[in-house]
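Notes to accompany the following structure.
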Amino acid sequence: MLRGLYNNIYTNRRVLITGHTGFKGSWLSLILHKLGTDVYGYALDPPTDPSLFVEANIGELMTSTIGDIRDYNLLLETLKKIQPEIIIHMAAQPLVMESYRNPRETYEINVMGTVNLFDAARQVKSVKVILNVTTDKCYENKEWHWGYRENEPMGGYDPYSNSKGCSELVTSSFRSSFFNPKDYSKHGIALASARAGNVIGGGDWANDRLIPDFIRSISKGEKVKIRSPFAIRPWQHVLEPLSGYLALCEKLFTQGPAFAEAWNFGPDDKDAKNVEWITNTICNLWGEGAQFEIDKNPQPHEANYLKLDCSKVKAELGWIPRWDIETTLKTIVQWNKSFLSGSNMRTITEKQITDYFM
Ligand SMILES: NC(=O)c1ccc[n+]([C@@H]2O[C@H](COP(=O)([O-])OP(=O)(O)OC[C@H]3O[C@@H](n4cnc5c(N)ncnc54)[C@H](O)[C@@H]3O)[C@@H](O)[C@H]2O)c1
């Protein structure tokens, strides 16, 4: 158990995670289980095979509903049945390359899915907190070297990034129209959004993401191919934003409207590295002759520079990253080597959670 964290507000609390079968959702479900929470999930089946959800047997720790976020009636019925107090919304189509292949579905899931959830939550009296998880990519990217602040314009070049910018605008509209902080005593719901950086960690097998692509190639004994070697991203271990979401939901639960706004959760500036640096470092940590090469094929547009300014979350929420990029990469190598050697992945994942929090 993780005792005493977040002033124990998660103990015996009913928390619903949308997207619980995914990479971040599985880690979050396990953390909440260890905090003594009644964890509920609503999502489609795990998006990859293998998946952390299956490998660590997360489903047995929670009440899982397999459903589509676009299915408003099932979503509403599920919320009414669960009566959640806190909702953390992570169900999404989260991949840039997939959004170029399937733009319409990406918008349907990421934008209308968010609308469906907010509208359903309006009808369920138990709900006190809703956190919409978007991304660093929601900002209008100016390709500049400093970090984006929460008050900068939404944008997004590719459909994924843009759909998350739209999801932020939906959040803002619902907060003004239905969950207005001025009328908190009437509706009782604090709605916020969280914009995290490029999240990495064990248990991610998504396509077209650097670390999963790396692990796939290495385990087949192939050279790793990377695109956009000079692209800079705010890399962070999955436990970083998740610890931040929980800190934010605690404040939303205890202090309501004062925290009902947008928040960046990113690494320290020194940890925003380019793709080539990350790949080189992980090859060295992996050993066994791991090597990479640059994919020279033409690639769809991706931002070159992307950093988050996290001054606000540090000052107002007291949240700071705990693991630097070297620790993060070491942890990922350990996790994946344990997986490839057939270890119990629940135990390994729980150990990394305890190392992080305690
Ligand atoms: N991984 C990252 O680097 C990163 C960075 C910033 C933000 N995010 C955001 O965090 C959230 C989780 O990302 P992830 O990396 O865990 O993604 P993931 O693909 O591993 O998980 C996505 C989850 O959403 C569910 N889902 C997808 N379509 C659905 C639908 N139509 N109805 C119901 N559920 C559906 C999947 O079943 C899965 O549970 C997403 O909102 C993503 O945009 C991720």
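Because the structure is predicted, anything quoted here is derived from the model rather than measured. For ligands, and for the atoms within them, numbers begin at 1 and follow the listed sequence. Along the sequence shown, the residues carry numbers beginning at 1.
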Does ligand 1 have any atom that is closer than 4.0 Å to a heavy atom of [X]?
X: Ser51; value: no
X: Lys164; value: yes
X: Gln93; value: no
X: Thr134; value: yes
X: Ala206; value: no
X: Tyr160; value: yes
X: Arg195; value: no

What's the shortest distance from [atom] to any protein heavy atom, and which residue and atom give it?
atom: atom 31 (N) of ligand 1; result: Asp68 OD1, 2.9 Å
atom: atom 6 (C) of ligand 1; result: Gly197 O, 3.5 Å
atom: atom 32 (N) of ligand 1; result: Ile69 N, 2.8 Å
atom: atom 8 (N) of ligand 1; result: Lys24 NZ, 3.4 Å
atom: atom 39 (O) of ligand 1; result: Thr21 OG1, 2.6 Å
atom: atom 12 (C) of ligand 1; result: Met90 O, 3.5 Å
atom: atom 23 (C) of ligand 1; result: Gly19 CA, 3.6 Å
atom: atom 20 (O) of ligand 1; result: Phe23 N, 2.8 Å

Quick one: look at [X] and ligand 1, take heavy-atom pairs under 4.0 Å, and tell me if it's side chain, backbone, both or neither.
X: Pro47; result: side chain
X: Arg209; result: side chain
X: Thr18; result: neither

[X]-ligand 1 polar pair, N/O distance under 3.5 Å:
X: Val199; value: yes
X: Asp204; value: no
X: Ile109; value: no
X: Asp136; value: no

Distance alone, cut at 3.5 Å: any donor-acceptor contact between the side chains of [X] and [Y]?
X: Glu168; Y: Thr134; answer: yes
X: Thr327; Y: Asp324; answer: yes
X: Tyr10; Y: Glu250; answer: no
X: Trp27; Y: Thr349; answer: no
X: Lys137; Y: Asn198; answer: yes
X: Arg195; Y: Tyr139; answer: yes
X: Gln236; Y: Asp271; answer: no

Task: Pairing of Glu60 and Arg346 as salt bridge, 4.0 angstrom limit - done: yes
Which donor-acceptor pairs under 3.5 Å do side chains of residues 73-91 form with protein atoms, sequence neighbours excluded?
from	atom 1	to	atom 2	distance (Å)
Thr78	OG1	Leu74	O	2.6
Gln83	NE2	Lys80	O	2.9
Glu85	OE1	Arg14	N	2.7
Glu85	OE2	Arg13	NH1	3.0
His89	ND1	Thr18	OG1	2.7
His89	NE2	Thr114	OG1	3.3

Can you tell which of [options] gets a heavy atom nearest to [atom]?
atom: atom 27 (C) of ligand 1; options: Pro212, Ala91, Ala92; value: Ala92
atom: atom 35 (C) of ligand 1; options: Asp71, Leu44, Ile211; value: Leu44
atom: atom 19 (O) of ligand 1; options: Ala194, Pro94, Gly22; value: Pro94

- [ ] Identify the heavy atoms of Ser338 and Met345 that sit nearest to each other, and give their distance.
- [x] C-SD, 4.1 Å
Proximal atoms of ligand 1 relative to [X] (non-hydrogen, under 4.0 Å):
X: Thr135; result: 6 (C), 7 (C)
X: Gly67; result: 32 (N), 33 (C)
X: Asp45; result: 37 (O)

Task: Value rounded to 0.5 Å, distance of CG in Asn180 from CD1 in Ile189 - done: 12.5 Å
TODO: For side chain to side chain donor-acceptor pair (under 3.5 Å), just list the numbers for Asn264 and Lys307, CA-CA rounded to whole Å, side-chain angles, deciding distance to a tenth of an Å, and then say yes or no.
DONE: CA-CA 10 Å; Asn264 285 344; Lys307 285 195 205 168; over 6 Å; no
Task: Distance under 6.0 Å and angle within 45° of ring axis: Lys337 vs Trp286 - done: yes
Open item on the list: I'd like to know whether CD1 of Ile320 has more than 12 heavy-atom contacts from other residues, nucleotides or ligands below 6.0 angstrom.
Closed with: no
Task: Proximity of Trp205 and Phe339 rings by center, below 6.0 Å - done: yes
Open item on the list: Classify the ring geometry of Phe174 against Phe178: parallel below 30°, tilted from 30° to 60°, perpendicular beyond 60°.
Closed with: tilted
